[in-house]
Amino acid sequence: MNLIILGAPGSGKGTQAEKIAESFNLAHISGGQSLRKEVESGTRRGELIGHIMEKGNLVPFDEISTVIEPELIAHKGGFILDGSPRDLVQAEYLEKFFRENDIIVDLVIYLTVPEEKLINRLLERAKVENREDDNLETITERFRVFHQETEPVINFYKQKTKLIKINGDRSIEEIAAELSNIIGQII
Ligand code: AMP
């Protein structure tokens, strides 16, 4: 089973992806996480990526695709892709990549949370996780990018009728239970 999970910044997609991966024995593939590792490693490439992330902008997809593609192939049939595609160009690119590699995406999960709640969540996360991109200026830009670039991706998948919208404004456990239930029905 192959899944994609999308949602605005702070919607909890990473948390839920981790839980789903554990429950259903799937590989959790996250472009954002790989990028953060690269930034932490302190390489020149990491430094450049870090500057883009700090501003809240999208990193060139090449930086992500080179990391996630081998993982997607290695775990073909058993992955949850977290936080990609982020725009229509990436969505089209991944469709082609999936087709060429006989990968079928069974379900796209879209976690929705009212924006004012997300801002508070992200500011809270900033205190706990110390993520460079969780400050008000960057958060504002990440939301602008989300509306402009990522929301059209939701419509892209809606037209392909493999998208479910999940209310992400609940406890982690409640959301996880609903998702487990839904995913349990498609395996
Ligand atoms: P995330 O952990 O998914 O919230 O991603 C954190 C940051 O990583 C984003 O704000 C982007 O700067 C970058 N990022 C993650 N995934 C992508 C992607 N598919 N395309 C471009 N940038 C990405």
Side-chain angles (χ1 to χ4, degrees), residues 2-21 26-41 43 45-73 75 79-98 103 105 108-113 115 117-126 128-157 166 168 172 175:
N2 300 315
L3 308 172
I4 295 179
I5 187 162
L6 300 173
S11 58
K13 55 187 179 340
T15 305
Q16 293 300 330
E18 221 169 277
K19 285 190 163 288
I20 295 168
L26 304 174
H28 175 196
I29 303 174
S30 158
Q33 244 173 42
S34 325
L35 294 174
R36 280 188 285 281
K37 272 193 208 137
E38 184 67 39
V39 174
E40 276 162 28
S41 71
T43 59
R45 177 172 163 254
E47 201 181 314
L48 294 171
I49 290 171
H51 287 314
I52 301 174
M53 289 172 83
E54 271 166 37
K55 287 197 205 116
N57 295 128
L58 294 181
V59 170
F61 192 52
D62 280 3
E63 300 289 352
I64 292 147
S65 60
T66 49
V67 179
I68 66 171
E69 279 178 17
E71 287 191 54
L72 292 168
I73 291 175
H75 300 285
F79 66 73
I80 176 158
L81 176 61
D82 163 12
S84 291
R86 286 291 233 271
D87 64 23
L88 279 178
V89 174
Q90 294 183 12
E92 298 280 5
Y93 177 92
L94 277 178
E95 278 291 299
K96 186 164 168 273
F97 170 80
F98 289 146
I103 294 172
V105 175
V108 179
I109 300 158
Y110 175 37
L111 274 183
T112 64
V113 182
E115 193 157 317
K117 299 222 170 158
L118 288 176
I119 294 178
N120 288 331
R121 271 195 201 179
L122 287 166
L123 292 172
E124 280 305 308
R125 184 168 79 182
V128 183
E129 290 182 20
N130 205 14
R131 264 179 60 162
E132 294 275 349
D133 56 353
D134 284 344
N135 60 72
L136 196 54
E137 204 183 328
T138 306
I139 290 169
T140 309
E141 177 61 8
R142 285 161 70 202
F143 278 116
R144 192 196 62 73
V145 171
F146 178 76
H147 291 310
Q148 193 173 314
E149 309 288 344
T150 313
E151 265 173 358
V153 174
I154 310 295
N155 289 328
F156 172 90
Y157 285 120
I166 297 289
I172 292 175
I175 302 164

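Atoms within a ligand are numbered from 1 in the order they appear, just like the ligands themselves.
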Before giving the answer on side chain to side chain donor-acceptor pair (under 3.5 Å), spell out for H28 and E71 the whole-Å C-alpha distance, their side-chain angles and the decisive distance to 0.1 Å.
CA-CA 9 Å; H28 175 196; E71 287 191 54; over 6 Å; no
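- A side chain to side chain contact (heavy atoms under 4.5 Å, CB included) with N2 is found for exactly one of L81, I29, I103, namely I103.
- Between V59 and ligand 1, at least one pair of N/O atoms sits closer than 3.5 Å.
- Atoms of ligand 1 found under 4.0 Å from any heavy atom of K13, numbered from 1 in the order shown, are 3 (O), 4 (O).
- Contacts between L58 and ligand 1, counted as non-hydrogen atom pairs separated by less than 4.0 Å, involve both the backbone and the side chain.
- Summarising the contacts of atom 3 (O) of ligand 1 with Q33, E63, R86, the nearest heavy atom is found in R86.
- Interatomic distance, I172 CD1 to K19 NZ, rounded to the nearest 0.5 Å: 7.0 Å.
- For ligand 1, one of its N or O atoms has an N or O atom of S84 under 3.5 Å away.
- Taking every non-hydrogen atom of Q90 and a distance limit under 4.0 Å, the qualifying atoms of ligand 1 come out as 18 (C), 19 (N), 20 (N), 21 (C).
- Of all protein heavy atoms, the one closest to atom 18 (C) of ligand 1 is I64 CD1, 3.2 Å.
- Here the heavy atom of the protein found nearest to atom 8 (O) of ligand 1 is M53 CE, 3.4 Å.
- Counting only distance, with no hydrogens or angles, the side chain of S11 and the backbone of V113 share no donor-acceptor pair below 3.5 Å.
- The closest donor-acceptor contact from the side chain of R121 to the backbone of G10 lies under 3.5 Å.
- Less than 4.0 angstrom separates some heavy atom of R36 from each of these atoms of ligand 1: 2 (O), 6 (C).
- When N57, I5, L35 are ranked by how near their heavy atoms come to atom 11 (C) of ligand 1, first place goes to N57.
- Put simply, the residue from V145, I139, T138 that forms a side chain to side chain contact (heavy atoms under 4.5 Å, CB included) with E141 is V145.
- Of the residues T150, V59, V153, L6, the one that meets the side chain to side chain contact (heavy atoms under 4.5 Å, CB included) test with R86 is T150.
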